[in-house]
Amino acid sequence: MQTRTYIFILLLLLSGCNHQIHQQQFYVFGTLVGISIWGVSEQKASEAINTIAKDFQTMHHNWHAWQESPLTDLNQAIAAGQVWTAPSLLPLLKKSKHFYNQSDGLFNPAIGQLINVWGFHSDDLSSDFIPPSPEKITELVALAPSMDDIHIEGDQISSTNRGVQLDFGAFAKGYAVDLAIEKLRQLGVQNAIINAGGNLKAIGKKGDKPWLIGIRHPNGTEVLAAVAVSGEESVISSGNYERFREYEGVRYSHIIDPSNGKPAQGLSSVTVIARSGALADAASTALTVAGLQDWHRIARQMGVKYVMLVDEKGIVYVNPAMAKRVQFPADKKPQIIVSQPL
Ligand code: AMP
Ligand code: MG
């Protein structure tokens with residue numbers, strides 16, 4: 001049943017010219033995860049990477065929104081109006097409530113039913129899909145699922161709204177890289193980068209240079225920009241280029257606007273840099289929903305300092321602090337609009 005409980009080691013790359021960089025990739029969270037570690041022995045790096053791979057597999061199982069998991073058990077209990085305990089989900093629930101309120105509800109992991117009817121509770125997004133009817137969307141929006149409906153007392157979880165169905169897809173990978181970096185530090189690794197399908201966190205440096213990170217172009221193939229990070233920072237992008245549904249030539253993004261129940265429109269990608277991966281991930285999703293109208297206000301409310309947005313025409317919007325950090329290829333510089341400071 002659980003076909004993904006194994007870890008699929010795809011590639012082990014040891015750099016020929018620099019013996020201090022160790023890189024490994026594996027498949028988890030429905031995506032390719034890459035880890036690079038600098039400055040420790042090969043054995044230590046390999047042990048650390050195996051530990052993280054196992055941790056990620058556990059998180060993937062615990063947080064899975066549509067295969068049987070502690071989360072699907074909790075969702076069933078909520079639908080049945082029962083009180084439930086799920087210790088592995090408490091940190092996610094607490095963080096979700098916080099980001100929900102900071103984002104004026106644009107980041108809303110309680111909208112699992114909407115995410116499901118738009119066909120995103122599936123591993124195969126190319127399978128047959130028909131958009132939900134306007135009536136169905138209206139019905140689910142009217143249930144007004146909110147993180148404020150969730151109540152936590154000790155380890156007891158309950159919901160005052162049976163329409164709540166939790167889906168942590170918008171920030172689980174960002175939080176996972178936070179936990180993984182913490183674990184790497186405990187294991188004595190000071191310089192590393194973890195990339196969970198474009199959700200990336202780095203610590204330290206690559207030798208005497210900062211880690212250089214490529215931000216993907218929303219067209220899916222090219223690199224849009226590069227940014228250097230050192231110290232401890234997460235670079236996280238949300239976009240409609242990776243997970244989307246198509247019906248009769250129309251593309252539907254996997255990011256849903258909780259206010260109208262429809263896929264968010266207007267922005268092709270949003271990148272946020274912050275120390276916390278969970279915050280950067282929650283914010284990148286919330287700002288995609290906020291759109292060009294509201295992103296600045298929501299970013300301020302969430303305490304985010306570096307934002308880059310790309311609209312559907314390819315125009316890039318950045319706050320001044322972000323503008324100082326991102327580098328675009330000289331021959332492919334997009335039109336860039338710099339906002340007021342955050
Ligand atoms: P991300 O790629 O981080 O933007 O996360 C997108 C995923 O978050 C989707 O595949 C859904 O599972 C979930 N999601 C979609 N819309 C929202 C929303 N408004 N708030 C919270 N989670 C969402
Ligand atoms: Mg996100």
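As the structure lists them, so they are numbered: ligands from 1, and atoms in each ligand from 1. Remember, it's a predicted structure, so these values are computed and weren't measured experimentally. This chain uses plain numbering: 1 for the first residue, then up along the sequence.
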With no hydrogens and no angle check, just 3.5 Å: does a side-chain donor-acceptor pair link [X] and [Y]?
X      : Y      : value
Asn161 : Ser159 : no
Asp167 : His121 : yes
Tyr317 : Ser339 : no

Among all protein heavy atoms, pick the one closest to [atom] and tell me residue, atom and distance.
atom                    : answer
atom 21 (C) of ligand 1 : Asn108 N, 3.3 Å
atom 2 (O) of ligand 1  : His254 CE1, 3.3 Å
atom 16 (N) of ligand 1 : Ile256 N, 2.9 Å
atom 11 (C) of ligand 1 : Ile115 CD1, 3.6 Å
atom 5 (O) of ligand 1  : Ala170 CA, 3.2 Å

Note: OG1(Thr285)-the Mg ion (ligand 2)-O(Asp281) angle, rounded to 10 degrees, equals 90°

[X] [atom1]: over 12 foreign heavy atoms closer than 6.0 Å:
X      : atom1 : value
Gln43  : CD    : no
Gln82  : CD    : yes
Asp128 : CG    : no
Arg243 : CZ    : yes

**Message:** Within the structure, is a non-hydrogen atom of Phe120 found at a distance of less than 4.0 Å from ligand 1?
**Reply:** no

From the list Gln23, His22, Gln24, side-chain hydrogen bond (donor to acceptor under 3.5 Å, both in side chains) partner of Ser36 resolves to Gln23

Which of the atoms of ligand 1 are close to [X], meaning less than 4.0 Å from one of its heavy atoms?
X      : value
Leu106 : 18 (C), 19 (N), 20 (N)
Phe107 : 20 (N)
Pro109 : 21 (C)
Pro258 : 19 (N)
Ser238 : 1 (P), 2 (O), 3 (O), 4 (O)
Ile255 : 4 (O), 15 (C), 16 (N)
Asp167 : 12 (O)

Quiz item: cation-pi between Arg251 and Phe244, 6.0 Å / 45°: yes

The Mg ion (ligand 2) to nearest N/O/S of Ser238 below 2.8 Å
no

Review point. Got a sec: is Ile236 within less than 2.8 Å of the Mg ion (ligand 2) via an N/O/S atom?
Key: no

Donor-acceptor pair, side chain of Arg185 and main chain of Gln190, under 3.5 angstrom: no

